[in-house]
Undergrad: 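Below is one structure. I have some questions about it.
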Amino acid sequence: MNVTFVNPGVDYMIQRILSFQTEEMSAFWSEPLYHFYPRLDKTYAASLSFSERMNYIERTLRSVYTELEDSIHEKRDLYTRHWAACRKQVTAALSEAFEVDGGHLFSNLTCNISMNPVCPRFLREECFDVFYLNSERGAIGQSIHEIIHFFWFYVWNQVFGDSYDEYESPSLKWILSEMVVESVMKDTRLSSINPYFPREQGGCVYPYFFDMKADGAFVLDKLDEMYGRRQSIAEFMRHSYSYCLEHEAEIREHIRRSEH
């Protein structure tokens, strides 16, 4: 396994940023942009038509990128050096967690260092984004979160034989994959190099999962209990997904309330 950190360029960044600024997006996804870029006037942007707002955001952030380009290149080199120091222990931990030889998987992962505060991952393309404001430790912590998804769905696909089209939001399979990251991250080989772990440091999953309950019990606690049992990763996947299916209505309602 290996990760190459790159500056994907301003066109890529703008494209990704605007994809989270559509009229269908909830504030949970769209508003962080205005927090990190106060040069963007949220009130003014809201007064514009959709196309005018997209043009305003793009024009403003292209100007910001010009000022940040050298810094992003520096971050690329910094993240690359820190990853080299952590790569072996991350590979070992995930190989054990997912019962695969991680040394022979995902040798060409690409990490795009982006101005976008929302950082997606793309399973088929074997790439993901991290926010440029991360420290080197933060970038690795965020990268581990995304790499866990690649391992998870690689094994998941072998277990269930389903389609990669089912692994994206808002499917329940995507929701489960986001929740189980915390359990996998508890391995000290991973948690010790992730500044966002434990929860008191910000957490390594969406914060609205922390207080999510189903049938009166915290969902993350139930998943963690399952993960800690003596079972294969395939058995955990089956059991955890069955649990989520049983409580899907409660899970989705909690997310709906949290994101709006």
Side-chain angles (χ1 to χ4, degrees), residues 16-36 42 46 50 116-123 128-129 131 141-142 144-146 148-153 155-157 159-160 162-186 194 196-229 231 233-260:
R16 296 305 177 201
I17 287 169
L18 295 183
S19 71
F20 289 95
Q21 297 299 316
T22 63
E23 295 178 313
E24 296 78 21
M25 283 289 170
S26 68
F28 179 85
W29 299 105
S30 62
E31 289 197 356
L33 187 70
Y34 296 95
H35 170 78
F36 287 104
K42 186 171 69 171
F50 176 74
N116 190 3
V118 182
C119 299
R121 52 100 182 115
F122 305 94
L123 296 171
F128 60 93
D129 295 359
F131 192 30
Q142 189 176 344
I144 295 170
H145 173 113
E146 304 303 339
I148 287 172
H149 290 315
F150 287 94
F151 275 81
W152 174 268
F153 282 119
V155 176
W156 180 282
N157 186 259
V159 171
F160 291 96
D162 49 9
S163 168
Y164 268 64
D165 293 335
E166 301 177 46
Y167 303 161
E168 305 300 336
S169 177
S171 79
L172 190 64
K173 295 175 183 181
W174 173 83
I175 294 170
L176 174 60
S177 77
E178 292 293 342
M179 293 193 289
V180 298
V181 166
E182 185 176 70
S183 294
V184 178
M185 195 75 75
K186 288 184 176 179
N194 184 356
Y196 303 126
F197 188 94
R199 296 180 190 179
E200 291 75 15
Q201 301 298 321
C204 60
V205 298
Y206 296 131
Y208 57 61
F209 289 141
F210 299 154
D211 63 348
M212 176 187 285
K213 286 186 175 182
D215 198 21
F218 288 109
V219 172
L220 289 188
D221 288 349
K222 295 294 291 185
L223 293 175
D224 199 49
E225 178 186 331
M226 292 181 199
Y227 186 75
R229 295 174 190 163
Q231 60 181 324
I233 188 64
E235 289 174 320
F236 171 67
M237 288 176 170
R238 292 190 184 96
H239 294 156
S240 61
Y241 188 54
S242 293
Y243 169 79
C244 288
L245 283 171
E246 181 182 354
H247 299 287
E248 182 173 6
E250 291 173 274
I251 289 171
R252 289 195 179 278
E253 176 58 19
H254 180 89
I255 292 174
R256 187 195 66 78
R257 292 196 312 267
S258 300
E259 288 191 353
H260 289 83

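Heads up: numbering here begins at 1 and tracks the sequence.
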Undergrad: For the residue pair I175 and P170, establish whether any side-chain heavy-atom pair is separated by less than 4.5 Å.
TA: no
Undergrad: What is the minimum heavy-atom distance between L220 and F210, and which atoms define it?
TA: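 Nearest heavy atoms, L220 then F210: CD1-CD2, 4.0 Å.
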Undergrad: Step by step, work out the side chain to side chain contact (heavy atoms under 4.5 Å, CB included) result for K42 and L33.
TA: CA-CA 9 Å; K42 186 171 69 171; L33 187 70; over 6 Å; no
Undergrad: What distance separates H239 NE2 from R229 CZ, expressed to the nearest 0.5 Å?
TA: 8.0 Å
Undergrad: With a 4.5 Å heavy-atom cut-off, do K222 and E225 have their side chains touching?
TA: yes
Undergrad: Could you report the tightest heavy-atom contact between N194 and C204, atom names first, then the distance?
TA: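 For N194 versus C204, the nearest heavy atoms are ND2-CB, 3.9 Å.
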Undergrad: If you measure from CH2 on W174 to CG on L123, what distance do you get to the nearest 0.5 Å?
TA: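 Those atoms lie 12.0 Å apart.
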Undergrad: Quick one, P120 and F20 - any side-chain contact, counting heavy atoms below 4.5 Å?
TA: yes
Undergrad: Does any non-hydrogen side-chain atom of V180 lie less than 4.5 Å from one of Y227?
TA: no
Undergrad: Is R256 salt-bridged to E253, going by a charged N under 4.0 Å from an acidic O?
TA: yes
Undergrad: Run through D224, I148, V205 and flag the one making a side chain to side chain contact (heavy atoms under 4.5 Å, CB included) with S183.
TA: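 It is D224; the other options fail the test.
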Undergrad: Where is the tightest heavy-atom contact between M179 and M212, given as atom of each residue plus distance?
TA: SD-SD, 4.0 Å
Undergrad: What pair of heavy atoms forms the shortest contact from C119 to D129, and how long is it?
TA: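 Minimum heavy-atom separation between C119 and D129: CB-O, 3.1 Å.
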Undergrad: Would a line drawn from the ring center of W152 to the ring center of F160 be shorter than 6.0 Å?
TA: no
Undergrad: Quick one: are F197 and I144 in side-chain contact, heavy atoms under 4.5 Å?
TA: no
Undergrad: Counting only N and O atoms by type, is there a donor-acceptor contact under 3.5 Å from the side chain of E166 to the main-chain atoms of S171?
TA: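 The answer is no, because no donor-acceptor pair under 3.5 Å joins these two groups.
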Undergrad: Is it true that H145 and E182 share a donor-acceptor pair across their side chains at a distance under 3.5 Å?
TA: no
Undergrad: How long is the straight-line distance from CE of M226 back to OG of S242, given to the nearest 0.5 Å?
TA: 8.5 Å
Undergrad: Are any of the side-chain heavy atoms of D162 and K173 separated by less than 4.5 Å?
TA: yes
Undergrad: Which heavy atom of S30 sits nearest to which heavy atom of Q21, and what is that distance?
TA: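 Shortest heavy-atom contact: O-NE2, 2.9 Å.
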Undergrad: May I ask you to test the D211-H254 pair for a side-chain heavy-atom distance under 4.5 Å?
TA: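 Result yes, sub-4.5 Å side-chain heavy-atom pair found.
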Undergrad: Looking at every heavy atom in both S19 and T22, which two are closest together, and how far apart are they?
TA: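 Here S19 and T22 meet closest at O-CG2, 3.8 Å.
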Undergrad: When the ring planes of Y206 and F28 are compared, do they come out parallel, tilted or perpendicular, using 30° and 60° as the limits?
TA: perpendicular
Undergrad: Are the side chains of Y167 and S177 in contact, using a 4.5 Å heavy-atom criterion?
TA: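 Answer no - side chains too far apart.
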Undergrad: What is the distance from atom CH2 of W156 to atom CD1 of I233, rounded to the nearest 0.5 Å?
TA: 10.0 Å
Undergrad: Within this structure, what is the CD-CZ distance for the pair E146 and F128, rounded to the nearest 0.5 Å?
TA: 6.5 Å
Undergrad: Quiz question: by atom type and distance under 3.5 Å, do the side chains of E259 and Y208 form a donor-acceptor pair?
TA: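 There is such a pair between these side chains.
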Undergrad: How far does CE of M237 sit from CD of Q231, to the nearest 0.5 angstrom?
TA: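 Here the interatomic distance stands at 11.0 Å.
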